[in-house]
Amino acid sequence: MKLFEYEAKTILAKYGIPTPQGGLATSASQAKEVASKLKPPVVIKAQVLVAGRGKAGGILFASSAEEAETAANKLLNVQIKGIPVKSIWIEEKIQIKRELYFGITTDRFNQSYVAIASAAGGMEIEEIAAKTPEKVIKLLINPEYGFRSFHARQMATKMGYAGNQISELGKVLERLYCIGMDYDAELIEMNPLVETVDGKFAAADTRIILDDNALFRHQEYKKRLLEGESELSPQELEAMKNDLAYVKLDGNIGVIGNGAGLVMATLDTIQYYGGKPANFLDVGGGAPSEKTALALKIVLSDPNVRALFINILGGITRCDEVARGILEAKEKVGVTKPMVIRLVGTNEEEGKRILTNAGIHVLESMEEAAQRAVEISKQGDK
Amino acid sequence: MKLFEYEAKTILAKYGIPTPQGGLATSASQAKEVASKLKPPVVIKAQVLVAGRGKAGGILFASSAEEAETAANKLLNVQIKGIPVKSIWIEEKIQIKRELYFGITTDRFNQSYVAIASAAGGMEIEEIAAKTPEKVIKLLINPEYGFRSFHARQMATKMGYAGNQISELGKVLERLYCIGMDYDAELIEMNPLVETVDGKFAAADTRIILDDNALFRHQEYKKRLLEGESELSPQELEAMKNDLAYVKLDGNIGVIGNGAGLVMATLDTIQYYGGKPANFLDVGGGAPSEKTALALKIVLSDPNVRALFINILGGITRCDEVARGILEAKEKVGVTKPMVIRLVGTNEEEGKRILTNAGIHVLESMEEAAQRAVEISKQGDK
Amino acid sequence: MGIVIDKNTRALVQGITGTQGSFHTKLMLEYGTKIVAGITPGKGGTEIHGVPIYDTVEEAQQKSSADASIIFVPAAFAADAALEALENGIKKVVIITEHIPIKDAVGLMAIAKQAKATIVGPNTPGIVTPGECKLGIMPAHIFKSGGVGMVSRSGTLTYEIAAGLTRNNHGQSTCLGLGGDPITGLNFIDTLKMFASDHQTKAVVLIGEIGGNLEELAAKYIADQKYPKPVVAFIAGRSAPSGKRMGHAGAIVTGKTGTAESKIEAFRKAGVSVAEKPNDVSDLLTKLI
Amino acid sequence: MGIVIDKNTRALVQGITGTQGSFHTKLMLEYGTKIVAGITPGKGGTEIHGVPIYDTVEEAQQKSSADASIIFVPAAFAADAALEALENGIKKVVIITEHIPIKDAVGLMAIAKQAKATIVGPNTPGIVTPGECKLGIMPAHIFKSGGVGMVSRSGTLTYEIAAGLTRNNHGQSTCLGLGGDPITGLNFIDTLKMFASDHQTKAVVLIGEIGGNLEELAAKYIADQKYPKPVVAFIAGRSAPSGKRMGHAGAIVTGKTGTAESKIEAFRKAGVSVAEKPNDVSDLLTKLI
């Protein structure tokens, strides 16, 4: 779950990490009010959960409260990468001496968290790593005792700081780690983390992605995710609420399968045969019929879908349950799009019988089924 | 630092450990008010930081708000083991089926925390251990991952519980551990932890001793210790505020020394020669002259003191600094009691010179000095 | 033979009375797996499918002395259950549970490393040494004993490929699911090492997917070590967009890292045959052995 | 010779620019201790008493390759400093700092155990192998090289007794302060073991005090193992009341446990000579050797 910049900055401030003075606004007049309390010039930032917001015009500057109002008005009436801007964050523009990077994420191979810092910040860390790999400082975090103040000082030293700045910067890094752990962040970064002209450090921008699997420990954010704005489309949100993994894509073959790997491979196979998947949808293991029906409803709510490809390999999932779900959906949702169904595994015979009785043809080979789905999806093109 | 029962119970309740409904009162009328909101019968408990409060008459019972008022009035006008009762805690009397024990303390040999439980509670754990050692269940806590829910369930099982009670009791034990860690408790126990007649668990009484060395992480309690009521005498409090270790004893030879072991050995030597130490006072390492002066002031504030024995073995502590402190105290505090001074170690010559010049005799042998102090202390007896 | 588990493996089931735990205990018993005890706090003293249930692993171990455990308990408690197994001397732990928080998994793996224990999963279909022992939720009938070691980050995709292998008479030595989470107990390299020294294993099928760089590291390992057995790889997620989690917590392309292309290229460079489609794995294998 | 440290020991001083750190660095250098570097974050690049200062242990280790460290940093940061030393490969850490929270000490000791490192302290005067190396704050002139191993929970009391030994020509092999806290790195048994296998050590003086049961355990160890060298013990705190902390965090009688009587009795039962007064230690020693 991605946090909005204003949410992230509020957390940082709570932990004593300096951030620019600022406030949230949902209207231009409110933006003016917020700006009037700040020392100009100010920065006006669209609160949208997309990467590359700056380049997409989501960040404006103003040298007075009035200008801030105008800028806010502008932002509140545009879409950033297709996302309407519902709120903006107005903050004082800080006098930057140097842009740095610091973040904490997971290291799969070492099964641990890793702290990454760079004396060259302001761009994506991958970009920094590609351009100036020698400037990227990595430190594996021992889970037994975490990222300690001496680790933070080590990194500050390697970022080129000396004297009091070592401890000053160290404190900021250590606190970010604490936030990461306390909030179960799978990624937390300050980018840019800036050294100001007076030699202090502040998080000019920050990104926090919470571990979805740990949201049960962070109910306030879970609530916001389920009830408020988020980076999820309505379909993705409904899928999530029902424990379905759904990702919207830009093709026209709706895909439903069980198991993430199998569904990914299904998309790949569709693409291999020249088709374009409209989505990824994993019904998960052991899905009951209602879940299959709901999955169909979600996939069909995408107007681009021309054909449906259901690919089930029953392990825990029982083919007969899936078959019943399909019929249920056909009845309730009214499936008008052509369906290609591939159904093998546990209770395969019963599943096939149910569908065949209902006049639905079932295939056994995933490749054959994929080819068939691609064919159907292209029929309209001719 | 010992917490009052009401402080401890407030913490337990915050962590979801069931405790009897109750409230604090500092007057009899307030006690009546509190009791009127509770379901009778109620228990009225003197909030004093001494062990064995119950046996000393510090716990009374009442079956109505009026009776509670009377009982409160009684308690607020007595001393429990010499301590005046300033506040009382009134709580509902719970219907007890069984008294249990659970506590967490440190295990020095294993350098870890240890959880101790017993199906026989209600008396001191040492007493339980002495009477029914087979009923004491110990579990060393691995500092790397702490006391987990499965440990708690293990202990609940060994305490004789089965079915849902395992998890119910387990949760209570686990939460107590969390409190212990979060609050840096050197001892935390529920005694008795009770199984109620309806098969639930509640902390009927609880004791928390915070680690004095960790109080910098718990400023609210540090503040209460320094400013409010505590188990410390005024002298002990003043000593603590000034980083002096002082313990009041019941003899008549005031003792000041540097280093806990040396001061203890000094007391022992005094006792060996038939004398009675009035106190333990360790000025610590490297004490400047003001600190020595303050130490003298504290020791002399005890009216029982007939003689002073200052035993300094200078390592970090410089003998000349101690000598100056003694003169300073003599001037400011006005030392009227006879002093026996033993001064050896770093800058010994200079220290001796300072004192000798001021007409104070300095000895070199600790035993000789102790004997001399004992002699002086007995002069009044003849 | 095979790796991690064999016919002598004695296993506990933690969370044996839940829907999944109970269902799969039955299937594992039917497969011939020695399930010696089950754990469900509060249900101690009863039994299920003839397996005695205990409240704690400690009690179970006093009676059963198992050497492996399979965990079905809910995500919030699964890492705790695994620790309970480790603390009671169990050195092989299979965690079926999905959705375990990263922080819990990181903590668990550090302790497992110290205990020199093998963790399979979390979010894994488990592990099966066909004809000997199954500690997992995979359908039994698609496997048969043979010389192909399989290691995968996916469940059903593995079944898809395993079924294809079995159809084409490529039996399996052991099929092991690493798990679909970003933090798992074993990685590809660990498993490749085990297959390298397993006499039954003649070739390895490695099924990867987008996210992380464990496949790239495995490719490098294969090249650097001149891996002694033929390897066929399949990577799922060529069509996955960046920044989106494809079902598995671990299946996500971040910026330009973790793409299928990167992994496929790494394997090709290491001389590993990479299948275009799941069905092609069997054919590639036939060519190699 | 002696235990833990000797003339080859190369030490860091963490917190070298503080009042104590600086003062005792000078004294240790005068004693002949090889202080190869000092650490104070923010003071890197400067030097004190001719010792180069670094911001981090990591940097210091790149230049100095020390094998020991002595810590003078304030209590709130001392456990952290010790971890920094351990993580950078230092296996002998002396923690002078007093008032370290128990929780911090418990966490530190667990990690030290894994790292197979020796922690002396916290709240210790340190350790001295007379004539070879001093890592501590004890006055140098009271020690002389010889055959008596000393181990103690106290500082000045140890000086008192050591001075007495030296006066009576009982030189010391090594004098080690365990520390006055409830949780310390070494205990009496650990140290007795080391003295047992140190050729220089001919007899051991053990100085205990009230609190805990480490003395009782040591007595049991001496009896059970038929400890090969004569031991003289002194226990401080016979006159201490129950429930009061006597200066040291660890010096407290809890209920009936941790009393001087219990410890003295345990030693007597184990055949260890127990001195009545500090001055008697030397005489008892003379009788035994």
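The greatest number of non-hydrogen atom pairs below 4.5 Å with chain B, out of Met109(D), Glu160(D), Glu209(D), is found for Glu160(D). Note on Arg245(D), Arg153(D), Lys256(D): by heavy-atom pairs under 4.5 Å with chain B, the leading option is Arg245(D). For the set Gly314(B), Gly345(B), Gly261(B), Ala245(B), the entry with the most heavy-atom pairs within less than 4.5 Å of chain D is Gly261(B). When each of Asp211(B), Asp282(B), Val263(B) is checked for heavy-atom pairs under 4.5 Å with chain D, Asp211(B) comes out on top. Contact count against chain B (heavy-atom pairs under 4.5 Å) is highest for Ala76(D) among Ala249(D), Ala76(D), Gly180(D), Ala240(D). With chain D as the partner, the residue from Glu124(B), Arg342(B), Glu127(B) showing the most heavy-atom pairs under 4.5 Å is Arg342(B). The candidate from Ala260(B), Gly259(B), Gly257(B) with the greatest count of non-hydrogen atom pairs under 4.5 Å with chain D is Ala260(B).
Only the side chain of Thr257(D) comes within contact range of chain B, with heavy atoms under 4.5 Å apart. Residue contact with chain B, scored on non-hydrogen atoms closer than 4.5 Å, is absent for Glu98(D).
A salt bridge does not link Glu321(B) to Lys291(B): none of the charged side-chain nitrogens sits closer than 4.0 Å to a carboxylate oxygen. Ion pairing between a basic and an acidic side chain is recognised when a charged N comes within 4.0 Å of a carboxylate O; Arg238(D) and Glu276(D) show such pairing. Between Lys26(D) and Glu30(D) there is a salt bridge, since at least one side-chain N of the basic residue sits less than 4.0 Å from a carboxylate O of the acidic one.
Using a 30° and 60° split on the angle between ring planes, Phe143(D) and Tyr159(D) fall in the perpendicular class, above 60°. Taking the six-membered ring where tryptophan is involved, the planes of Tyr177(B) and Phe147(B) are tilted, since the angle between them lies from 30° to 60°.
Between the side chains of Glu215(D) and Ser262(D), not a single donor N or O lies within less than 3.5 Å of an accepting N or O.
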